[in-house]
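So the structure is just underneath, and the comments pick up after that.
Chain letters run A, B, ... following the sequence lines, proteins first, then strands; residues in each count from 1.
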Amino acid sequence: MAKELLKGNEAFAEAAIRAGCEGFYGYPITPSTEFLEYMAKRMPQLGRAFVQAESEVAAVNMVYGAACTGKRTMTASSSPGISLMMEGISYIAGTEVPAVIVNVIRGGPGLGNIAPSQGDYYQMVKGGGHGDYFPIVLAPASVQETVDCIILAFDLADKYRSIVHVIVDGNLGQMMEPAELPPMRELPKEPPEWAVTGAKGREPNFLSSIYIDPADEEVTNIRLVKRWMEIEKNEVRYNELMMEDAEFAVIGFGTAGRVASSAVRAAREEGIKVGLFRPISLAPFPKKEVEEISKRVQRILVVEMNSGMMLDDIVPLVEGRVPVEFYGRMGGMTPFPDEILDEIRRVSENKAPVNGNARAEWIARLEKIVEEGK
Amino acid sequence: MTAPAKPEVKVVFQRPESFTDLTTHYCPGCTHGVAHRLIAEVIDEMGLREKTIGVAPVGCSVFAYKYFNMDFVEAPHGRAPAMATGIKRVLPQNTVFTYQGDGDLASIGMAEIMHAAARGENITVIFINNAIYGMTGGQMAPTTLPGMTTTSSPFGRDVELTGFPIRMSEMLATMDGTGYIVRRSLHDVKNIRKAKKALFMAFETQERGLGFSMVELLSSCPTNWKIDPSKSLEFIAERMVPVFPLDDFKVNPELTKKRA
């Protein structure tokens, strides 16, 4: 199939359909609403389930119910909506049924705004719901990569009977760019053996997250941790740009990583030996790769559209080998390539140690930038 | 010599196939067991067991799934109608029912039940109304009677401060998406028989695709009411029925016709 000019959210929705999504349950919220609108049109055409729920709380529990039948199912929402879904997400994780959840992140906390942000890093990557569980989190940086990640998300969800979050922001959700959609997959003929479908000719199946005896719950927790260790071994994904001979590394994911790639190219033209490392799987995080990078570069610049949440995951991996600096914009602000280029120039000349104060030093710089009205 | 004729042996009472062989965890005098048995009998008699998926709630009946010999899931508190919606929409040929208490359905799950009814979800809801939170130890429920003492209304439910009991059946019957909404009681044999008939009608509503169906069952909670089991049944008849009248609030006319 050839590349077409596709609108982000609509392309993501169509990708989900082609991956075999048989039930979509959602609630309107900017900037993810086109996802729901597209599903409202397409799912009934294909004889598949679509429900506009009364709330995100209900939507995620509809996903939970459909997931228990073994059908591929999903929802798409945005930050405040994802907060409301966290109860159901924890239940889905505890029940070990597969589900895909797309979060088109917007500025926060609270009602915040509808502009692109990466402020939900902690909520997504560290779990967000209650209890011991580990979600898989994919953070693509283009319409094409998101289409591919959504297909991958359904496959990983099934493979590990796990929650898979695909996190993007309003930039990706709203932008149009050329991308290629995969062919329509055939729907499975038989449900998985654990699914609830009516106990015809077999023992009843029961799906729940309740383990009233702590000893049973612990056995479940052990199973979840071991499964997560498998995922950590198998499912790390990332992208590198001009890292082979890099003396400085920029690390950024999603839109921030994409903007940084323009800055890195521009810096290379100025003769600065800088490369970009862009994690695609934020969970499992490419820990080994970041560790290796910290052994061969002089300095690391982490770029995010939040207050340095991934930074907190990177600093312990670097173990003080080289200074780690940070540049971020928050509140729905997307950095310009020039801003990151300025930072790359500064970092490449900075010989001073950054002793764990990356965030404090950045805030001081950012306040000046904001004052100057950039 | 002819062998004496064998006496004819007829099974007149047995455990429904839809029931498991477990002893329930319910307190003496609690009517959950009666409600469970009625559901199991109706599902057996209608031949639905092999295509039924039950949705258990949070509350005393959180373990309901153990007692039914059929596929089951266990919903978060109040979310059973949403979970049932998710299931029914991808498996429309299956029979899907929820089993919910008054805290689950009328408090934390108010939005989910109202909207499932408004959408006319083709599911069946069994609503156990015993006017109290059982599992957490006897707190005030949205259906607690005025003046009734609970651990969170220790001086009796003061309507000035805590409002009035919610009549779910009456409210749900106003929704156009509903096909069958009735209230029955489990306080004596006559009423139990009526409750069984109502359950049959509710599942029949679903099988005929006539929309949302619910049977509200007035039930006892001797432990948390702190009255003995037989007095509990009297409490239902004398105190609960006047507040929650037993009636048919919505019956789709199609249900009174014979199935084609």
Side-chain angles (χ1 to χ4, degrees), chain A residues 21-25 27 43-44 47-73 75 86-92 94-95 97 99 129-130 187 191 194-212, chain B residues 17-20 25 43 47-58 62-96 98 108-121 123 135:
Chain A
C21 177
E22 291 188 67
F24 181 93
Y25 309 89
Y27 186 84
M43 294 294 269
R48 303 185 190 182
F50 167 87
V51 179
Q52 178 174 330
E54 61 271 28
S55 68
E56 284 91 348
V57 176
V60 77
N61 281 290
M62 291 174 190
V63 169
Y64 183 18
C68 289
T69 71
K71 305 265 190 195
R72 287 191 162 186
T73 180
T75 187
M86 275 302 166
E87 178 201 42
I89 289 171
S90 171
Y91 277 72
I92 291 169
T95 308
V97 287
H130 58 279
L187 298 178
W194 49 260
V196 293
T197 54
K200 189 175 175 147
R202 60 160 169 76
E203 287 299 302
N205 282 337
F206 168 62
L207 290 169
S208 153
S209 63
I210 191 169
Y211 298 95
I212 205 74
Chain B
E17 197 192 354
S18 291
F19 237 14
T20 61
H25 69 286
I43 289 175
L48 302 175
R49 191 190 72 86
E50 292 185 332
K51 65 168 192 145
T52 296
I53 299 166
V55 184
V58 170
V62 68
F63 298 118
Y65 60 83
K66 289 187 183 180
Y67 311 129
F68 289 101
N69 177 29
M70 59 190 68
D71 278 9
F72 243 86
V73 298
E74 209 292 307
H77 197 22
R79 319 295 176 222
M83 236 185 140
T85 298
I87 295 168
K88 185 75 179 184
R89 292 292 185 113
V90 291
L91 296 176
Q93 303 308 317
N94 286 65
T95 306
V96 181
T98 74
I108 196 166
M110 180 63 98
E112 284 76 12
I113 194 72
M114 294 305 288
H115 284 271
R119 285 191 303 268
E121 291 298 339
I123 59 171
M135 192 195 224

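From A:Cys68, atom SG reaches atom CZ of B:Phe72 across 12.5 Å, with rounding to the nearest 0.5 Å. Atoms CE and CG, from B:Met83 and A:Leu207 in turn, are 7.5 Å apart once rounded to the nearest 0.5 Å. B:Arg89 CZ to A:Met43 CE: the interatomic distance, rounded to the nearest 0.5 Å, is 11.5 Å. In this structure, OG1 in A:Thr197 is found 11.0 Å from CD in B:Glu50, a value given to the nearest 0.5 Å. The structure places CD of A:Glu54 at 11.0 Å from CE of B:Met114, a figure rounded to the nearest 0.5 Å. The structure places CD1 of B:Ile53 at 7.5 Å from OG1 of A:Thr69, a figure rounded to the nearest 0.5 Å.
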Item to check | Worked check of side chain to side chain contact (heavy atoms under 4.5 Å, CB included) between A:Lys71 and B:Leu91 | outcome: CA-CA 9 Å; A:Lys71 305 265 190 195; B:Leu91 296 176; 3.9 Å; yes

Checklist entry - Can A:Val51 and B:Arg119 be said to form a side chain to side chain contact (heavy atoms under 4.5 Å, CB included), step by step? => result CA-CA 10 Å; A:Val51 179; B:Arg119 285 191 303 268; 3.9 Å; yes

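The existence of a salt bridge linking B:Asp71 and A:Arg202 is confirmed by a sub-4.0 Å separation between a basic side-chain nitrogen and an acidic carboxylate oxygen.
Here A:Ala66 is the residue among A:Gly23, A:Ser209, A:Ala66 with the most heavy-atom pairs under 4.5 Å with chain B. Per-residue heavy-atom pair counts under 4.5 Å with chain A were compared for B:Ala56, B:Gly86, B:Ala75, and the maximum is reached by B:Gly86. When each of A:Ser90, A:Gly88, A:Gly201, A:Ala58 is scored by its heavy-atom pairs under 4.5 Å with chain B, the top score falls to A:Ala58. The candidate from B:Lys51, B:Gln93, B:Met70 with the greatest count of non-hydrogen atom pairs under 4.5 Å with chain A is B:Met70.
B:Asn94 approaches A:Gly198 most closely through the heavy-atom pair ND2-N, 3.8 Å.
With contacts defined as side-chain heavy-atom distances shorter than 4.5 Å, the pair A:Val57/B:Glu112 qualifies.
Interface remark: A:Ala195 contributes backbone atoms only to the contact with chain B (heavy atom separation under 4.5 Å). Residue contact with chain B, scored on non-hydrogen atoms closer than 4.5 Å, involves the backbone and the side chain of A:Tyr64 alike. Within the 4.5 angstrom heavy-atom criterion, atoms from both the backbone and the side chain of B:Asn69 approach chain A. Neither the backbone nor the side chain of A:Val63 comes within less than 4.5 Å of any heavy atom of chain B. Only the side chain of B:Val62 comes within less than 4.5 Å of a heavy atom of chain A; its backbone N, CA, C and O stay farther away.
Of the residues listed (B:Tyr67, B:Phe68, B:Tyr65), the one engaging A:Phe206 in a ring-ring contact (aromatic ring centres under 6.0 Å, His included) is B:Tyr65, and it is the only one.
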